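These figures come from a predicted structure and were not determined experimentally. The chains referred to below are lettered A, B, ... by the order of the sequence lines, with proteins before strands, and numbering in each begins at 1.
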2 protein chains.
Amino acid sequence: MPSGVDKPALQVLHCLVEHVGPFREGEHLFRAHEAFGAIFAVRGGTVKTRLIDSLGREQVLGFYLPGEMVGLNGIHPDHYPCDAVALDSVYLCRFSFRALETLAARIPGIQQQLFRLLSKDIGVASLLAGDFSADERVAAFLVSIADRFAARGFSTSALHLSMPRSDIANYLRLAAETVSRVLRRFQDQGLISVAGREVKFTAPQALRALARNVLTT
Amino acid sequence: MPSGVDKPALQVLHCLVEHVGPFREGEHLFRAHEAFGAIFAVRGGTVKTRLIDSLGREQVLGFYLPGEMVGLNGIHPDHYPCDAVALDSVYLCRFSFRALETLAARIPGIQQQLFRLLSKDIGVASLLAGDFSADERVAAFLVSIADRFAARGFSTSALHLSMPRSDIANYLRLAAETVSRVLRRFQDQGLISVAGREVKFTAPQALRALARNVLTT
DNA sequence: CGGCGGCTTGAAGGACGTCAAGATTAGTGG
DNA sequence: CCACTAATCTTGACGTCCTTCAAGCCGCCG
């Protein structure tokens, strides 16, 4: 996770880490309003975060792939601001935040890294914030997932979506039918090839061009 | 600003504070990509933050009223991620961030406060993130501005919008014409009374009911 | 095999954007 | 004090993108 942390610091870190899992599809890592106690690094599987509003409607906030951190946004009010749900079999590293925080006071690298991760989460919301077309949103979503997998060494030409269309649609603030139609059109245009949740990139440049407006904002 | 900071700490703070201004309408507090050096507290006037994308289009990110902090989101990459522009005559307190950061290492209250302010900025984006109707967005905008003024002791029944319709529309991801139409309809429905940039709240409960879905997310 | 949930596809309707033209206001100089 | 200009704001007509509603399809598991 941190690049600028020396060896003794890493050894202290190991004391804080706890391997947990597996969580099965639909199980909760934590729930909204629970006391904030830890942040999690995904080792395997996929996690979605979501919020249920007063009318019972779900709002998908984000997806977390292997190598990414979940739960950071609970720091402020000392309780988690959303649910975290496993989308398939999920394995995690659990970091006790109390210990991490006191550690941060002693090792400047840690504190900076926390600030960095926090700030990064602010920027991610921009995928939703702008007034983008359905095409741009879906393209940006695919590119974003692909890039994050690629950063962890997975294939760059194909990927598996572990979430249903309805979750993608909800996350992108579109109707599930619209996502379906856009994927179909992308396939007809030769940009991708879709079979259920398996996606192959046949014209990655064109897809990236569509996504550019969204992701560079 | 901080409630849990004792008196000697406040005295140190005074050394970091520098009164600046006035900035006139259209003047920049800072610009995107500039080196990050300070955060600002608004003493008087209104500030908007915005981003100009590669195609030259403006994206309004937020408005800052007296008593609020601008520039926090520049912490991570060590340069400001957006422009900050005065909407009228603006007076500020300038906090050198380097000094603030070293101070934070010694006084735990400060560090917590910084984390708190950072996390708060994450949540604000939710006004834009959801798929809300134009009515809900405009209502939420008005309520949000009114509440923030109220928190500083200003009138709760009326307010002055210091930004043009186009900025409101851009911020809410709507067309300026739509904002105009919604305000007109709100007035026809007896919710508010609009005269240019002056807004009176004639049925605050009803307006708040409209905004609820947006703000409680 | 039969049912169920997720995915796809089509048709109709609505919400908002765009375009274009006025109305109002503020600011400026005579 | 008044006329003139230039933004800003409003209002209307029309088009478009996306949602909604409804039905059919596919794969999976009992």
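- Of the side-chain N and O atoms in Arg165(A), one or more sit less than 4.0 angstrom from OP1 or OP2 of dT8(C).
- For Tyr91(A), there are no ring-ring contact (aromatic ring centres under 6.0 Å, His included) partners at least two apart in sequence or on another chain.
- Every pair tested for salt bridge (charged side-chain N to carboxylate O under 4.0 Å, His left out) that includes a residue from residues 25-36 of chain A fails, sequence neighbours excluded, so the list is empty.
- Listed by chain and number, the residues in a salt bridge (Lys or Arg N to Asp or Glu O under 4.0 Å) with Arg50(B) are Glu58(B), Asp83(B) (sequence neighbours excluded).
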**Asked** With the sugar-phosphate defined as primed atoms, P, OP1 and OP2, and the base as all remaining atoms, what B/S/- string results for nucleotides 22-30 of chain D, 5' to 3', for protein heavy atoms under 4.0 Å?
**Response** B--------
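- For residues 185-195 of chain A, the set of pairs meeting the salt bridge (charged side-chain N to carboxylate O under 4.0 Å, His left out) definition, not counting sequence neighbours, comprises Asp135(A)-Arg185(A), Arg184(A)-Asp188(A).
- Protein atom CD of Glu25(B) is 11 Å distant from nucleotide atom C1' of dA7(D), rounded to whole Å.
- Counting all heavy atoms, side chain and backbone alike, Leu29(A) lies closest to Ala86(A) at CD1-N, 4.1 Å.
- Take the nearest nucleotide of DNA chain C for Pro164(A) and for Asp131(A): the residue whose nucleotide is more 5' is Pro164(A).
- For dC7(C), the OP1/OP2 oxygens have no side-chain nitrogen or oxygen of Ser180(A) closer than 4.0 Å.
- Here Tyr171(A) and Phe63(A) bring their ring centres to under 6.0 angstrom of each other.
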Anything under 3.5 Å between a protein N or O and an N or O of nucleotides 12-15 of chain C, put it in a table, one pair a line.
none

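- For the side chain to side chain contact (heavy atoms under 4.5 Å, CB included) criterion with Cys93(A), the lone passing option out of Met69(A), His19(A), Glu18(A) is His19(A).
- Side-chain proximity of Arg181(A) to dC18(D), dG10(C), dC16(C): nearest is dG10(C).
- Rounded to whole Å, the distance from CZ on Arg173(A) to P on dT19(D) is 12 Å.
- Applying the ring-ring contact (aromatic ring centres under 6.0 Å, His included) test to Phe186(B) and every residue at least two apart in sequence or in another chain returns nothing.
- Overall, the helix from dC1(C)-dG30(D) to dA21(C)-dT10(D) carries an axis bend of 30° between its ends, with five pairs at each end and the value rounded to 10°.
- For the pair Thr178(B) and dC16(C), the criterion of a side-chain N or O lying under 4.0 Å from OP1 or OP2 is not met.
- Within 6.0 Å of NE2 in His28(B) there are more than 12 heavy atoms belonging to other residues, nucleotides or ligands.
- Under the rule for a salt bridge (Lys or Arg N to Asp or Glu O under 4.0 Å), Glu136(B) has no partner lying at least two apart in sequence or in another chain.
- Under the ring-ring contact (aromatic ring centres under 6.0 Å, His included) criterion, Phe201(B) pairs with no residue, sequence neighbours left out.
- Sorted by residue number, the members of residues 182-204 of chain A with any non-hydrogen atom under 4.0 Å from DNA chain C read Arg184(A), Arg197(A).
- Asp88(B) meets the salt bridge (Lys or Arg N to Asp or Glu O under 4.0 Å) test with no other residue; sequence neighbours excluded.
- The aromatic rings of Tyr80(A) and Phe30(A) lie parallel to each other, their planes meeting at an angle below 30°, with 60° marking the opposite boundary.
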